[in-house]
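Accompanying notes for the structure given below.
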Amino acid sequence: MPAYEDVVLGGLGRMASRCALVSAGPAQDATIFWGGEAFEAWLGVDPRGRAIAGLGEGLAQSLSEIIRDALATAEPVRSRCNRVSGGVVATTEILGLPLRGRTGERFVLVCLAGETTRTNLLKALFAATGHGMVAASAVRDPDGRPVDLQIIALNEAAAAMLGRPAEALIWQRVSVALPHLRHSAALALLFDALDGQQRVAFEVNDRAVAGAPRHLRIEGAPLGDLLGLILTDIDDSKARESSARLLFETNPLPMWVTGEDGRFLAVNDAAVAHYGFARDAFLSMDLSEIAVGTPAGFDGSSRHRRRDGSLIDVTAFTRAIPFEGRSARLTALVDVTSQRRAEARIVHMAHHDALTDLPNRVLFRERLMAAIAHQAAGGIVALLCLDLDRFKLVNDTLGHPAGDALLRQAAARLTACVPDGIVSRLGGDEFAILVGVPEREAASAIGERVIAALTRPFTIGGHEVCVGASVGIALAPGDAGDPDMLLRKADMALYAAKAAGRRTARAFEPAMEAEIQARRALERDLRAAFAASGLQVHYQPQRESRDLGIVGCEALLRWNHPERGFISPAEFVPIAEDIGLIGPLGEWVLRTACREAAGWARPVRVAVNLSPLQFRTADLAGQVRAVLAESGLDPRRLELEITESVLLSDSAANIALLHDLRALGVRIAIDDFGIGYSSLSYLRTFPFDKIKIDRSFTAALGSDPHSAAIVRAVADLAVNLGMDTVAEGVETQEQSVLLRLCGCTELQGFLLGRPVPAEEFRRLVAMTDIPPIAA
Ligand code: C2E
Ligand code: CA
Ligand code: CA
């Protein structure tokens, strides 16, 4: 760092005029204590004794910076210094030279290093912006009204937008210079702005000079009699706007623009087509005239009414937009009506039975739960479970379409029968009814009414069909407090009702629970008994009707229960069917009977009952063939008894199976003949070897003349078809005589011999000559 004395004493020569010496005190309060002539002229005031911080026009900042930097770096510093005065910026290059006095004081020599350049601030700003700037002055008529404007300043951007050089525009009348304004009311707007001393803004779209923008936005700001105009090229945004407009107009989605008051400001073609209103009609309405009911669905959809009155569900997508200078909303609409309908349909389907359209189990359970929850206030909730008696038979005899028709009619009757209840189809031929009742007895009365309603004959496809129903009733809160328990108890009551005989209504009783437990126990015992060979086969003779000689027998299952004694197969065979035991059980009966028969003294026939379910077990024919082979029984001595139901369900397959069985040489008998719907028609479906006339005909013989006629007709038919006939349940001598007269070839019944254990029947067969008939 040069010493102050060296510089000052060494002489700055000509440079001294352009310099100033600044002392930098400890507190940074730099002061000029000497300045040359040129420096003084530059500064414009006498520099001596002036504090740097006190200098105006921006000098304080620039000079302090230079001084500070020079002192801090102890190096010469070169920088620009700007002064602003009278709209002009003066820029000078300054050199700061740090010096040190002999006694350690510090100075900075500040020199004007170059020429000062001056710039017009306004021009600089004008030039810096891409906006066109025009300053114009009012031209007024003698009355003081503005008639035109004269351009007194403009920038290059304005010249470019107006498509002419600035020199050609300056001093021109605005009406001449701005072709954009020529054919519009724009000038008038500007005059208003001038007189009202307020800003205006508008757009003009006149065809301008080629190459200049077509769309301009013009803002005018008055300042006394001057008007500042800012021109903005809006060609780009106009282009965007027009493509947005095109997108709106041609959008396949209905779209509209509404004002803040809901009025339609614009609608597109799709909206016109979809809603059916003409554009004018649309534009004269507001949103509230087409919106219906609740403002929005849970998913944000709303409901609108079209011109033709039809309702549609729409999802609206809305956003705020400026529209013609106002705030508005643009809405696009997606019609979700069919989607909603499909959804509603699915929800309905999930909760209703397709066949009857009644609430299904799911919905019914919900309703039941709600009813129980509400009934806390008092009253009784009655639950009735019912199923149709003998429905399966109708289904099997007349076909599934008839079964369906029956279910539909039954559903309608139930609904009509309990108008204030909820009827549900739980599945198959099971229905349930939920109804509020004042007391227990009312529930039973409804049960009886329901049975009566379903007992009246149905007409289905020209057939008259009788079914009837069994009803189980459970009550809340008495029997149970929750829907599942209540359903379970009503089901138990139904079970009991069915067991008590058809067309019965039973209310739940705690004892039923015990009964069901007993049934479970019975199932267990039956399994155990079968496994432990606790079952036996008894044989009941079948005798020739004239000489009463034993020609055959029927093998009948017997179960001697350790606690309950003899249980009828009528009771336990259905249980075996239910628990899937009938297959092995039936095979065991067949094997036992064939083995037994193979050992008899005479070749009398043995008849074995086949459950319809055995027809579903794999290879029944193979099973019979194996049993015959293993027992060595002549196939002609084996007779298989089947019931009509074998021909009802899956009849084609079953008939084929019957033919297979017959092909083995065994005989096929049709059991319980005459109690079905169309017994006679079954005789055509398969050439049976024997018809077993049901006990009920035998029992009615003495009293009901029709019975005798039927038995005679069946016997005659059988003769013609080459079949044997056996009458069942013969208990009296009189029946025996009548049956013989009617033409029955064989008789079976207590009169002709009760079912007896194997050893006894063996002896019976051996005693050939004297037909042993109970007196
Ligand atoms: P079902 O085939 O009609 O058998 C005849 C039933 O009538 C037998 O009853 C027999 O004891 C009874 N019965 C015989 N004569 C008379 C009479 O004069 N008066 C009266 N009231 N009844 C008489 P059971 O043995 O109790 O058998 C009942 C039903 O159980 C049978 O009816 C049959 O459907 C079924 N069943 C019996 N054993 C078997 C078997 O091994 N397999 C299958 N699948 N079912 C069997
Ligand atoms: Ca039988
Ligand atoms: Ca029978």
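All figures in this text were calculated on a predicted structure; none of them were measured in a lab. In listed order, ligands and their atoms are each counted from 1.
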Is there a salt bridge (charged side-chain N to carboxylate O under 4.0 Å, His left out) between Glu513 and Arg488 once you walk through the steps?
CA-CA 10 Å; Glu513 222 147 1; Arg488 218 168 74 81; 3.4 Å; yes

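Phe761 and His538 have their aromatic ring centers separated by at least 6.0 angstrom.
With respect to atom 38 (N) of ligand 1, the closest heavy atom belonging to the protein is Leu557 N, 3.2 Å. Distance from atom 13 (N) of ligand 1 to its nearest protein heavy atom, with residue and atom name: Phe750 CE2, 3.7 Å. For atom 29 (C) of ligand 1, the closest non-hydrogen atom of the protein is Ala570 N, 4.2 Å. Nearest protein heavy-atom contact of atom 45 (N) of ligand 1 is Asn609 CB, 3.7 Å. Of all protein heavy atoms, the one closest to atom 31 (C) of ligand 1 is Leu556 CD2, 4.5 Å. Scanning the protein for heavy atoms near atom 19 (N) of ligand 1, the closest one is Glu731 OE2, 2.5 Å. Scanning all protein heavy atoms for the shortest distance to atom 30 (O) of ligand 1 gives Pro569 CB, 3.5 Å.
At a heavy-atom distance under 4.0 Å, only side-chain atoms of Asp672, from C-beta outward, approach ligand 1. Only the side chain of Arg558 comes within contact range of ligand 1, with a heavy atom under 4.0 Å; no backbone atom does. Heavy atoms of Glu554 found under 4.0 angstrom from ligand 1 belong exclusively to the side chain. For Asp671, every heavy-atom contact with ligand 1 shorter than 4.0 Å involves the side chain, none the backbone. By the criterion of a heavy-atom distance under 4.0 Å, the side chain of Arg695, and not its backbone, is placed next to ligand 1.
Note that Arg527 lies outside the cation-pi zone of Phe530, set by a 6.0 Å cut-off to the ring centre and a 45° limit from the axis.
Using modelled atom types, no side-chain atom of Arg440 and backbone atom of Ala507 make a donor-acceptor pair closer than 3.5 Å. The main-chain N or O of Thr592 is never found under 3.5 Å from a side-chain atom of Glu596 such that the two would form a donor-acceptor pair. Remark: side-chain polar atoms of Asp724 are not paired, donor with acceptor, to backbone N or O of Thr745 under 3.5 angstrom. Judged by distance alone, with hydrogens and angles left aside, the side-chain atoms of Arg425 form a donor-acceptor pair with the main-chain N or O of Gly428 at under 3.5 Å. In this structure, the side chain of Lys489 does not engage the main chain of Phe508 through any donor-acceptor pair within 3.5 Å.
Only protein atoms were considered; those of element N, O or S under 3.0 Å from the Ca ion (ligand 3) number 4.
Atom 44 (N) of ligand 1 has its nearest heavy-atom neighbour, among Pro755, Gly749, Ala669, Ser611, in Ser611.
Between Gln748 and ligand 1, no N or O atom pair is found at a separation short of 3.5 Å. Every N/O-N/O distance between Ala555 and ligand 1 stays at or above 3.5 Å. Considering backbone and side-chain N/O of Val573, none are found under 3.5 Å from N/O of ligand 1.
Under the 4.0 Å distance rule, the nearest protein heavy atom to atom 15 (N) of ligand 1 falls inside the cut-off. Distance check for atom 42 (N) of ligand 1: a protein heavy atom is found below 4.0 Å.
Among Lys690, Arg546, Arg740, Arg543, the one residue that satisfies the salt bridge (charged side-chain N to carboxylate O under 4.0 Å, His left out) test with Glu746 is Lys690.
Residue Lys692 places every heavy atom at 4.0 Å or more from ligand 1.
With hydrogens and angles left out, the side-chain atoms of Gln542 and Gln748 include a donor and acceptor closer than 3.5 Å.
Each of the following atoms of ligand 1 lies closer than 4.0 Å to a heavy atom of Ser568: 26 (O).
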